[in-house]
Every structure is written in structure tokens, then in C-alpha cells.
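Fair warning: this is a prediction, and the values are worked out from it, not measured in the lab. A, B, ... follow the sequence lines: proteins, then strands. Residue 1 opens every chain.
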2 protein chains.
Amino acid sequence: MATRSTTSWTDGDDGRPNHDSDGKGVNQDPGRSGDSARRLVEAAVEAFAERGFHATTTRDIATRVGLSPAALYVHFPSKQALLAEISIVGHEAALDLIERSVDQPGTALSRLQAVIRAFTAWHAERHRVARVVQHELEALAEPDKRRVLEIRRRIEGAVEAQLSAGNASGEMDVPDTRAVARALLSLSVDVARWYDPRGSRSAAQIGELYADLATRMVTVRD
Amino acid sequence: MATRSTTSWTDGDDGRPNHDSDGKGVNQDPGRSGDSARRLVEAAVEAFAERGFHATTTRDIATRVGLSPAALYVHFPSKQALLAEISIVGHEAALDLIERSVDQPGTALSRLQAVIRAFTAWHAERHRVARVVQHELEALAEPDKRRVLEIRRRIEGAVEAQLSAGNASGEMDVPDTRAVARALLSLSVDVARWYDPRGSRSAAQIGELYADLATRMVTVRD
DNA sequence: GTCTATATAGAGATAGAC
DNA sequence: GTCTATCTCTATATAGAC
């Protein structure tokens, strides 16, 4: 089982280590800074996102960090544990994002917009982590899989609740809240599959566009 | 390289063989009917969809069909070739679907609705093939990958063309046709990831819902 | 075209020195 | 905590009989 004591790898842009994240002064050699456990997770995120969990070798992960294949097992008991660490922390980050958006003041519509904006931008900005989170569910082992599925249910529930609230207030016109909630999340989630940071639209812009599309999908017409 | 001479496996519901597809009379034992090549493809679709290309063993595929591991190599030169067969035929089927919808008479909006309806329903109805088509791109080898990417460009182009036409005719109000075309396809495609035939909504119903959501997304308001 | 048997390679993981 | 060396298992693919 992974430690999950350090969740700092969820910060930063997609696996690149933050400068000075340990508060010990300027890093002379950013490529070799930070503790090995964190850097192994970062390397695993990159590798799993690029090639998938099963196509990635422990050797590949260790080599990316500049360690021998055996060094990985000092920090993680197995390749599976590395995946579990990534998937669980990633899911928790996504849920946290949703819940913070939902807790904000405003109308059901403005909260839904905030959710879609943030959730979509996260799936673009952190597309490597998000790809692992969304595409390697099947590779998870119990009891991690169960834990992750529960988080996913809460995410869907939070979105559906906004649609129901919007229907009740008259702002929205959503006949099938369950199916539309799933569609909205599906739309955001799939950004992680195709997003390329070299593209012409930023993560924030895509979040903005998707919040607008969501608004059109759920609001009353004429 | 795979033969691609028989594309009959794209018919039927998700890998279950058609009765009497060879015109030789009633099959006494449907589970063991049909030629081995086709049944291997069907088994590979199931396995790749469930567990992914890399997590699937040739042994697993052959066993599902009731053959020895070695028998697979009589019909396909490699596991890669099996994937290529599935991916290419699947992509061609999806493109065909789009082009047939686009060629129909009507307005840009009605054609877009037809595209989304058909494309979405296909990703639900044939979710196993679609999952392989959409999630195993990275596992493809050249030159198959190049060929498939070209098909994907044509699909995106066809949808974007409808949005541009709709803007021109005044039916639609789509500021960023490129991004919205990608979003619409992304929405449809992702159905293959989560669709479960045991769910309460049929493939056709989801297609209908998504055509409606698409309409709301692109049409002029007020 | 199918089988049994096997070659070959590469994977995940461990042992034990430093 | 990291290394080198290696164990063990399993995967893809082939050989050759039937």
C-alpha cells in the first residue's frame, strides 16, 4: 500500500517539480531535486498517461528518475501501489474541486458553471494525471477500486444536485438530470484524452467554453 | 498484416455472431460457428475492450474462441495485426456513418442532428469496438496509426463543416467551430467509455438526447 | 488449420552488498 | 536508500507433428 503521506506531487504543472517547494532554497539541479518517492510518482504519471499502465514498465519509471529498477521497491511495494496512489489522490483532488465550486454562493446555474469551468480546466491543465484517473480504472485492484468508485459517485451526485436545484428554481429545463449530469461530466472528462498543451486554446479557455456550452444545454429556451 | 477481407464482424451486436450469416443454413451450435479468423477478432474486441490491449494476452483471445494459443498465428501474424484490423475497420465504420448522415438532404442543423444521433448511438450500441477504437490509438503501430489519424481528421472536418454551414445560414451561432466540433465529437465518443447495456437508457435514447443537447449548444438564442 | 511443445525475451519483484 | 545481480513467471511467437 502506498503511503499517501506526501500529496505534494499534485501541485505544479504536470509532473514538473516546483522550484523551492521544500523551502530549502533555490534548487541547483531541478531535474534531480525532491525526494525519490515524489519523483517516482511524477514519472509514473507521465508514463502511465503516455502509454498506459500495462504498457509501462517499472524499469521505465525508475529510469526516468535516474534510479535503478530496484530502487522503486524501496518506496512502493508494487507497480499497482503506485497506480493506486495516483488514482486515489487524483480522484480526491477532482472531488475537492467540485465540492469547493458547489459550496460557493450564487444560483444553481452559477454554481454549475463554476463546477464545469473548474472541472474542465483541471482535466486540461492536469491532463496527464486526469488521463490516468479516467482511463486506468480497470487496472485498479480492490479495495482501491471500491474507494475510487465511491468518490466518482459523489462527483456525479454533486452535479446532478445542481441540475435538480436549477429545475426547481426555474432557471433550468433539464428533463433527465441523471443522464445530463453524466453527459456534462463526460464532456469535461474527455478533455484529458485529447488535450494537447501545444494547442491554440488554453486550459482556462476550454473551461470557459465548456461552462458556456453547459449553460446552453441546461437553461430554458424562448 | 491482417487480411481485412472479411469485415462481417462489424455487423451484429457486439461480437455475437449473426445467425446464418454464411447462408449455409441454421447453425446448430452458434458458439462455435463461423470461421476462426472472424471469431478471433470478435474475442479480441471483447478482451481489448474489457481489459485493454496490453493487458490482454493472445492466450486469452484464443481460449475465448476455444483454440490453442498457437492457432491465432495461423490467422493473424501478431497481436498488433489483430488490433490494427479492429481499429481500422472500426474507424472506417464510424466515418461511413458520419458521411452518410452528412449526405442527407435538409438543413445544416438537421444534418448535424443526424450525425450526432447516429455517431452517439453507434458508440453506445457498439461500445466494445468503439472503446478499442478510441482508447487504443497509442498501441497502434505505423503505418496503421497514420491511416487511422487521417480518418479521424475527416470525421472532425465533416462535423466542423456542418457548424460553419449553420453559421452561414443563420441557423447556428457557433463562435469557435473548431473547438465546438471537437467538443461534440468528444461528447459522443466518451459514451463508449461509460455505456453499460444493462443501464436504463437504450443506445437510441442516448443518441436522441445527445442530438438534442447538440442542438441547444449550437443554435441561436432569444 | 489445429494441436503440443518450446524457444526467447522481458516483465515484476527480491537478495544482499555498500 | 541505492546499487548490481538475479530469480521466477508469463508473454509473444515459432517448430513440427497430425
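The nearest whole Å value for the distance from the NZ atom in A:K79 to the P atom in C:dG10 is 15 Å. As a whole-Å value, the separation of A:D60 CG from C:dA13 C1' is 17 Å. Look at OH on A:Y73: it is 5 Å from C1' on C:dA13, rounded to the nearest Å. Rounded to an integer number of Å, the gap from CZ of A:F76 to P of C:dT14 is 15 Å.
A:E208 is linked by a salt bridge (Lys or Arg N to Asp or Glu O under 4.0 Å) to A:R117, counting only residues two or more places apart in sequence or in another chain. In this structure A:A203 satisfies the side chain to side chain contact (heavy atoms under 4.5 Å, CB included) test together with A:A124, A:E125, A:Y195, sequence neighbours excluded. Here B:R201 pairs with A:D176 under the salt bridge (Lys or Arg N to Asp or Glu O under 4.0 Å) rule; sequence neighbours left out. Remark: B:R146 engages no residue in a salt bridge (Lys or Arg N to Asp or Glu O under 4.0 Å) (not counting sequence neighbours). The salt bridge (Lys or Arg N to Asp or Glu O under 4.0 Å) check on A:D196 picks up A:R198, with sequence neighbours excluded. Not a single ring pair (Phe, Tyr, Trp, His ring centres under 6.0 Å) links A:Y210 to another residue, sequence neighbours left out.
Among residues at least two apart or in separate chains, side-chain hydrogen bond (donor to acceptor under 3.5 Å, both in side chains) pairs with a member in residues 56-65 of chain A are A:E46-A:R64, A:E50-A:R64, A:D60-A:R64.
Residue-level contact check: B:L72 touches neither bases nor backbone, having no heavy atom under 4.0 Å from any strand. Using a 4.0 Å heavy-atom distance criterion, B:S68 is classed as a base contact. If you check every strand for non-hydrogen atoms under 4.0 Å, B:A71 touches sugar and phosphate atoms only.
An end-to-end axis angle of 0° holds for the helix from C:dG1-D:dC18 to C:dC18-D:dG1, taken from five base pairs per end and rounded to 10°.
Between A:V74 and B:T57, it is A:V74 whose nearest contact on DNA chain D lies nearer the 5' terminus.
Contact check on A:E42 versus A:R39 returns no salt bridge, with no Lys/Arg side-chain nitrogen under 4.0 Å from an Asp/Glu carboxylate oxygen.
No more than 12 heavy atoms of other residues, nucleotides or ligands sit less than 6.0 Å from atom CZ of A:R178.
Nucleotides of DNA chain D lying under 4.0 Å from heavy atoms of chain B occupy a range whose first and last members, 5' to 3', are D:dA11 to D:dA15.
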